[in-house]
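Single-structure report; data block below.
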Amino acid sequence: QVHLEESGGGLVQAGDSLRLSCAASGRAFSNYAMGWFRQAPGKEREFVAAILWSAGSIYYADSVKGRFTISRDNAKNMVYLQMNSLKREDTAVYYCAADRWGAAVRTTAEYDYWGQGVQVTVSS
């Protein structure tokens, strides 16, 4: 069992930066692939970024590549999403998720555990 809790969301202006954090509790955090997803009003939840166990493999959605950076600290059971050059279209609820197998990290159904989500609002 893994419990996830996101923090760091808020209201920012376009062009600003924000860092989301995800604290994980439970056993063997380092055994899980971790992902960030987001869901805007009226839209499906979409993949943002993922990082595998040893951070050797990292994946990004095309829409955030070059602007967002995912990282993890296995010693602290933390995952981060650094978001730079934010755009209005980045406005969404952002979710942290844990995946035991790491086989299809871009797919929501792949993930076993989810946080409650944190709101990110980008104004122009």
Side-chain angles (χ1 to χ4, degrees):
Q1 189 78 13
V2 176
H3 177 74
L4 304 171
E5 185 169 355
E6 305 92 340
S7 62
L11 172 63
V12 296
Q13 293 189 332
D16 285 351
S17 297
L18 206 58
R19 188 176 85 152
L20 303 183
S21 299
C22 174
S25 60
R27 300 177 63 181
F29 168 77
S30 61
N31 291 343
Y32 287 82
M34 300 299 296
W36 285 97
F37 288 75
R38 67 187 182 187
Q39 188 166 18
K43 295 187 177 181
E44 293 187 353
R45 193 169 298 188
E46 65 174 5
F47 170 76
V48 175
I51 185 168
L52 297 192
W53 306 271
S54 62
S57 295
I58 291 176
Y59 306 87
Y60 294 102
D62 288 344
S63 59
V64 307
K65 198 173 296 183
R67 299 188 298 121
F68 290 12
T69 302
I70 188 172
S71 61
R72 68 188 295 164
D73 186 337
N74 288 337
K76 296 181 178 180
N77 283 14
M78 296 292 294
V79 181
Y80 306 99
L81 185 68
Q82 177 67 42
M83 306 185 293
N84 298 330
S85 302
L86 282 161
K87 305 176 181 180
R88 284 192 65 183
E89 51 264 44
D90 294 320
T91 295
V93 176
Y94 283 71
Y95 297 90
C96 174
D99 168 19
R100 181 64 182 90
W101 303 109
V105 294
R106 297 175 183 270
T107 306
T108 55
E110 172 78 2
Y111 288 80
D112 303 292
Y113 303 101
W114 293 84
Q116 292 299 307
V118 63
Q119 178 70 47
V120 172
T121 303
V122 184
S123 64
S124 58

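Worth knowing before you read on, the calculation uses all heavy atoms, side chains too, and leaves out hydrogens, waters and symmetry mates. Heads up: numbering here begins at 1 and tracks the sequence.
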Which pair of non-hydrogen atoms, one from [X] and one from [Y], has the smallest distance, and what is that distance?
| X | Y | value |
| --- | --- | --- |
| Gly102 | Glu110 | N-OE2, 3.5 Å |
| Leu18 | Gly8 | CG-O, 3.5 Å |
| Cys96 | Leu4 | O-CD1, 3.6 Å |
| Trp53 | Ser30 | CD1-O, 3.1 Å |
| Ser17 | Gln82 | CB-NE2, 3.9 Å |
| Asp90 | Ser85 | OD2-O, 4.4 Å |

Joint hydrophobic cluster, [X] plus [Y], side-chain heavy atoms closer than 4.5 Å:
| X | Y | value |
| --- | --- | --- |
| Val105 | Tyr80 | no |
| Leu81 | Ile58 | yes |
| Tyr32 | Met78 | no |

- Does Tyr59 have Arg106 sitting over its ring (NZ/CZ under 6.0 Å from centre, angle to axis within 45°)?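 No, a cation-pi geometry is absent between Arg106 and Tyr59.
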
- Query: Within 45° of the six-membered ring axis of Phe29 and under 6.0 Å from that ring's centre, is NZ or CZ of Arg72 located there?
  - Reply: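 Yes, Arg72 lies over the aromatic ring of Phe29.
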
- Message: Counting only heavy atoms not in Arg100 (residues, nucleotides, ligands), do more than 12 fall under 6.0 Å from its CZ?
- Response: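 Count over threshold, so yes.
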
- Counting heavy atoms not belonging to Glu89, are there more than 12 under 6.0 Å from its CD?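 Check passes, neighbour count above 12.
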
- With Val118 via side chain to side chain contact (heavy atoms under 4.5 Å, CB included) - residues at least two apart: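 Scan of Val118 (side chain to side chain contact (heavy atoms under 4.5 Å, CB included), adjacent residues dropped) gives Glu6, Leu20, Tyr94.
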
- Item | Thr121 side-chain N/O to Thr91 backbone N/O, donor-acceptor pair under 3.5 Å |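 Checked: no pair found.
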
- Query: Would you say Tyr111 and Phe37 make side-chain contact, with heavy atoms under 4.5 Å?
  - Reply: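 SC-SC contact between Tyr111 and Phe37 confirmed.
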
- Hey, mind stepping through Trp114 and Arg45 against side-chain contact (heavy atoms from CB on, under 4.5 Å) and telling me if it holds? CA-CA 12 Å; Trp114 293 84; Arg45 193 169 298 188; 3.3 Å; yes

- Quick one: do Thr108 and Gln39 satisfy side-chain contact (heavy atoms from CB on, under 4.5 Å)? Show the steps, please. CA-CA 11 Å; Thr108 55; Gln39 188 166 18; over 6 Å; no

I need the [X] [atom1] to [Y] [atom2] distance, nearest 0.5 Å.
| X | Y | atom1 | atom2 | value |
| --- | --- | --- | --- | --- |
| Leu11 | Gln13 | CG | CD | 8.0 Å |
| Leu52 | Trp101 | CG | CH2 | 14.0 Å |
| Phe47 | Trp36 | CZ | CH2 | 13.0 Å |
| Asn77 | Met34 | CG | CE | 9.0 Å |

- Query: Any Lys/Arg nitrogen of Asp62 or Lys65 sitting under 4.0 Å from an Asp/Glu carboxylate oxygen of the other?
  - Reply: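 Salt bridge present between Asp62 and Lys65.
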
- Message: The test is side-chain contact (heavy atoms from CB on, under 4.5 Å); show your working for Ser63 and Arg38 and say whether it passes.
- Response: CA-CA 12 Å; Ser63 59; Arg38 67 187 182 187; 3.5 Å; yes

- For the side-chain contact (heavy atoms from CB on, under 4.5 Å) test, which of Val12, Val122, Val120, Val48 pairs with Met83?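 Answer after filtering Val12, Val122, Val120, Val48: Val120.
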
- Item | Worked check of side chain to side chain donor-acceptor pair (under 3.5 Å) between Glu5 and Ser7 | CA-CA 7 Å; Glu5 185 169 355; Ser7 62; over 6 Å; no

